[in-house]
Structures are given as C-alpha cells and as structure tokens.
Amino acid sequence: MTNFTSLLRFARVMTSVAAKAATNSLPMNNVIRLCEGPSLMHHAEKAAAALHSGHVISVPTDTLYGIAALAQNDTAVKRIYEIKHRNSTKPLAICVSEVEDVYLWGKVTVPHSLLASLLPGPVTLIFHRTSQLNPALNPESDLVGIRIPNEEFIRTVARCCDSPLALTSANISTKASPLCVEEFNELWSKLHTVFDAGRLGGEDLECREGSTIIDLSQPGSYRLIRRGIAYEQTTAILQRFNLSVID
C-alpha cells in the first residue's frame, strides 16, 4: 500500500509538472503568426473585433511588443494594469493611426509639419488631453502621450477600431521590455490574442529602450521625458523647428 501511495503521489507531481510545461511551451492557440495564413487586413480585423469586445491583445510596434486595449473602455484599461501588475498611477500612452488623429485627443502646440516629421515613428509626444479622451484613462493627469508607430499592423488595427488604443509594453512591470513574444509567454494566458511578427530590432540593449518620449505641452518648447531609441533624430527635428529645451 505504501508503494502504491508513493507511486500515486509521484504520478500527481509529474502530471502537475507536465501541465505547467505545457502552459509555457510553444505554440498556444491564441498566438497568431502574422507572416502566415490570411492577409494582414484579416488579422487586423480579428484584432479590432477582440478590442471592441473589451479584450486585451498583444501587438508588435516599431520598437517593442506591446499590449493594447481600447482607450475609451474603462474595464479594458483597468485590465491592462492588472495584467502588467502596473502601478495604477503610472500613465498609459495611446496609439492612433494617422497624424490627423492626434488632434482629436491632444491639444497640439506645434506645426502640422513638425508632427508629420516625427510621426509615424518611435516617438511618444505628450500634449494636454482633449475632453474627448476617456476621463478614466490616466485620471490624475491632464496630459496624454500619443504614438503612431511606424508599423503597419498596429496602425491598421487602430484604423479598423476607429478609436485610440491604450498601449504599453508587453511585460510585467519589473521585467525587461520584450522584443519577441517568447519573452512574455507568462502573459499569454491573460491575453485574448498574441500577434507574432517575429523578433523586433537587434541584439543590443538599446533596442529595449522603447520610444523616445517628448513633452510638447508647452508652446515653443520641449522637455525630454525618456531618451528611447530615437533621441538624436528627434531632438534634431525639434531644434530645426526652433523649439527650446526645458531642463
């Protein structure tokens, strides 16, 4: 009887180990390779449908993999914070598809030609928010960071949604920002769909710095919030438009 009990206990342990391994193995049925199967538009429409249903998904950007939800959906925004274990006081940026969309959600202080010089690209621009933006998004701030990644899939998703996406990196807040979907596989089960475009960027640590974040909320000036991967080209453009830096 003792031997039988020991064997039963061993079998249960091995079953548990196998189940855990299966959870962490590749692939899972909610991971979709963008380079395979139907067209980009088909996948984008699938992503938009999930977002409109209140789900959180993972998408590639021009810098890192991100997780996204509809910015105008209170419950979905809250879910992003839960998935990332993110401090509720840390703001989320929004993603839109076109330069003209920036004016809907931010009070733009710079010429359109400057926006068009920076976007789309690996830059997040901070403006005072408009009244149209969900007040439950970053409720403690009257500012909002706005992105247009230079990545066709996420821009197509935003275009299909016809609504801004709340966007942040696809990692638990204490971990490194991911360049491939395998680096955040512990989050897959918490996401409706993971859209996999392969590895982003190179092997150096600079690739994980994310977008350059610039505060343009004060007319005629800019403040650097995060250097990111596009610092030099971004500041060169800002100086060409005669904006002065605020330390």
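Every heavy atom of this structure was used, including side-chain atoms; hydrogens, water molecules and symmetry mates were not.
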Side chains of [X] and [Y]: does their closest heavy-atom pair fall under 4.5 Å?
| X | Y | answer |
| --- | --- | --- |
| N73 | R79 | no |
| C95 | P149 | yes |
| R223 | V245 | no |
| L238 | F241 | no |
| T212 | L224 | yes |

* Would you call K175-E186 a salt bridge at under 4.0 Å N-O? ->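 Yes.
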* To do: Could you please spell out the steps behind the side-chain contact (heavy atoms from CB on, under 4.5 Å) verdict for I94 and L165?
  => CA-CA 5 Å; I94 63 172; L165 310 182; over 6 Å; no
Excluding sequence neighbours, so at least two apart, what forms side-chain contact (heavy atoms from CB on, under 4.5 Å) with [X]?
| X | value |
| --- | --- |
| N87 | T89, K90 |
| V99 | H112, L115, L119, I148 |
| H128 | K107, D142, L143, S217, Q218 |

* To do: Tell me, with the steps shown, if I237 and R240 meet side-chain contact (heavy atoms from CB on, under 4.5 Å).
  => CA-CA 5 Å; I237 292 171; R240 192 168 74 236; 4.0 Å; yes
* Asked: Which residue pairs pass the side chain to side chain donor-acceptor pair (under 3.5 Å) test with at least one member in residues 224-236, sequence neighbours excluded?
  ->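 For residues 224-236: S211-R226.
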* Asked: What pairs meet the side chain to side chain donor-acceptor pair (under 3.5 Å) rule with one or both residues in residues 155-164, with sequence neighbours excluded?
  ->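 Qualifying pairs: E98-R155, E98-R159, E152-T156.
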* Does the side-chain contact (heavy atoms from CB on, under 4.5 Å) test come out yes or no for T61 and L167, once each step is laid out? -> CA-CA 10 Å; T61 75; L167 181 67; 4.3 Å; yes
* Asked: Any ring pair (Phe, Tyr, Trp, His ring centres under 6.0 Å) pairs touching residues 134-160, not counting sequence neighbours?
  -> F153-F195
